[in-house]
Amino acid sequence: MWYGGVSLMALASACAALMAFEWARMVESRVGPLLIAGAIAANLIFLADPRWALIALVGAAAFAAVIEYGLSQKSSALLGTLYTGGMPLALQALRAHPEAGFALAMGIMLMSWASDTSAYFVGRQFRGPLLAPNDSPNKTWSGAIGGATGSALTGAGFALIISGPILSWAIVGVAASIGAQFGDLFESQLKRQYGVKDTSGFLPGHGGVMDRLDGFGTATVIALVVVRLVPALPEHLIGG
């Protein structure tokens with residue numbers, strides 16, 4: 001994350017490969033190698049041409065879906081390729097922003113994980129009504145509010161470090177927390193649908209790579225979309 005470029009490309013490709021493997025394993029896909037190859041290829045191509053990286057990702061997803069169609073009622077190669085290859089690709093694209101790439105990527109990462117940590121401890125302490133009882137019986141509204149608060153405070157602290165606008169970064173923190181919690185709930189729903197607790201055991205005590213990056217990845221995708229839609233936002237956030 002610090003160096004970006006080739007270093008981040010290698011990390012993104014490795015994460016894409018591991019998540020694609022976890023996805024194929026979770027949904028019992030018969031086109032696992034194709035799904036993994038598509039997720040890796042898109043991230044490897046990014047530095048050469050971001051447009052071709054996106055085309056490669058969508059193309060690989062469509063091709064995998066065509067091959068998979070009708071072979072298994074439980075899997076979705078199309079969604080799997082876009083999901084596992086798209087989140088690392090979005091991180092590379094966000095980090096590649098010419099003026100604010102480092103601040104945006106690092107800020108979203110810190111705020112997403114602050115949200116996850118705050119939600120866990122506040123939820124355990126205060127409990128209360130469940131946030132999504134059908135998908136994740138351990139997540140509560142108190143935890144969701146605690147996660148948003150922790151993320152906002154982290155955003156404000158990050159603003160002090162980079163001399164950015166504190167209120168704006170606090171608002172970004174709340175938005176990042178909402179995005180991260182949505183991503184976490186989405187994967188919880190997927191795992192419940194396919195009857196698995198963890199996507200793998202790659203990270204002992206934490207489950208799989210997808211279990212750790214679901215919220216961060218979703219927040220990154222949302223941040224990238226917002227940055228594309230509001231080009232003046234990055235300069236504002238870094239005090240430009």
Minimal heavy-atom distance between A20 and L35, with the atoms involved, is CB-CD2, 3.2 Å
First locate atom CD1 of I238, then atom OG of S168, and finally report the distance between them rounded to the nearest 0.5 Å. 12.5 Å
Please name the pair of heavy atoms, one in A12 and one in P88, separated by the smallest distance, quoted to 0.1 Å. O-CB, 3.5 Å
Nearest heavy-atom approach of A103 to F158 is O-CE2, 3.4 Å
Roughly how far apart are L237 CG and I162 CD1, rounded to 0.5 Å? 7.5 Å
Among M19, R25, M26, which one satisfies side-chain contact (heavy atoms from CB on, under 4.5 Å) with E22? M19
Just to verify, what does D49 make a salt bridge (charged side-chain N to carboxylate O under 4.0 Å, His left out) with, not counting sequence neighbours? R51
Could you go through residues 116-131 and list every donor-acceptor pair under 3.5 Å that involves a side-chain atom there, pairing it with any protein atom two or more places apart or in another chain?
residue : atom : partner : partner atom : Å
T117    : OG1  : W113    : O            : 2.9
S118    : OG   : A114    : O            : 2.8

Sorted by chain and number, sequence neighbours left out, ring-ring contact (aromatic ring centres under 6.0 Å, His included) with Y83 holds for W23, F186
Verify same cluster id: V6, F102 (apolar side-chain graph, 4.5 Å): yes
Would you indicate whether the side-chain heavy atoms of L91 and M1 approach each other to under 4.5 Å? yes
If hydrophobic clusters are built from ILVMFWY residues whose side chains come within less than 4.5 Å, do L167 and L160 share one? no
Atom of W169, atom of A159 and distance for their closest heavy-atom approach: CD1-CB, 3.5 Å
Going by heavy atoms in the side chains, are Y3 and L8 under 4.5 Å from each other? no
Can a donor-acceptor pair be found, under 3.5 Å and without considering hydrogens, that links the side chain of Q181 to the backbone of A144? yes
Between CG of L233 and NE2 of H97, what distance do you get to the nearest 0.5 Å? 9.0 Å
Assess whether side chain to side chain contact (heavy atoms under 4.5 Å, CB included) is satisfied between F216 and M87, documenting all intermediate values. CA-CA 9 Å; F216 171 43; M87 291 194 295; over 6 Å; no
Quick check: do V230 and H236 have side-chain heavy atoms less than 4.5 Å from each other? no
Hey, are the side chains of T84 and L18 touching, using non-hydrogen atoms and a 4.5 Å cut-off? no
Kindly give the heavy-atom pair with the smallest separation between G85 and A39, and that separation in Å. CA-CB, 3.8 Å
How many angstroms lie between atom CG of L44 and atom OG of S13, to the nearest 0.5 angstrom? 3.5 Å
For the residue pair L224 and T220, establish whether any side-chain heavy-atom pair is separated by less than 4.5 Å. no
Nearest heavy-atom approach of V221 to A90 is CG2-CB, 3.7 Å
Please say yes or no: joined through hydrophobic side-chain contacts below 4.5 Å, possibly via intermediate residues, are L54 and V225 part of one cluster? yes
Closer than 3.5 angstrom, by distance alone: can the side chain of K191 be matched with the main-chain N or O of V196 as a donor-acceptor pair? no
From I108 atom CD1 to L94 atom CG, the distance as rounded to the nearest 0.5 Å: 6.5 Å
Among the clusters formed by ILVMFWY side chains lying less than 4.5 Å apart, do F182 and V174 turn up in the same one? no
Got D211 and H206 here, is their nearest side-chain heavy-atom distance under 4.5 Å? no
Distance, nearest 0.5 Å, that separates OG1 of T218 from CD1 of I178: 13.5 Å
Determine the interplanar angle of the F202 and F21 rings, folded into 0 to 90°, and report it as parallel if under 30°, tilted if 30 to 60°, perpendicular if over 60°. tilted
Only distances under 3.5 Å count here; give the side-chain donor-acceptor pairs of residues 145-155 to other protein atoms, sequence neighbours excluded, each with its distance to 0.1 Å.
residue : atom : partner : partner atom : Å
T149    : OG1  : I145    : O            : 2.9
S151    : OG   : M111    : O            : 3.2
S151    : OG   : G173    : O            : 2.6
T154    : OG1  : G150    : O            : 2.8

Scan for salt bridge (charged side-chain N to carboxylate O under 4.0 Å, His left out) pairs involving residues 76-103, sequence neighbours excluded, and state none if there are none. none
Pairing residues for D184 by the salt bridge (charged side-chain N to carboxylate O under 4.0 Å, His left out) criterion, not counting sequence neighbours: K139
Taking the side chain as every heavy atom from C-beta outward, state whether E187 and M210 have any pair of such atoms under 4.5 Å apart. yes
Would M9 and N43 count as a side chain to side chain contact (heavy atoms under 4.5 Å, CB included) here? Give the steps. CA-CA 6 Å; M9 179 192 69; N43 282 274; 5.5 Å; no
Spell out, yes or no, whether L89 and L229 are grouped together once hydrophobic residues are joined by side-chain heavy atoms under 4.5 Å, including indirect joins. yes
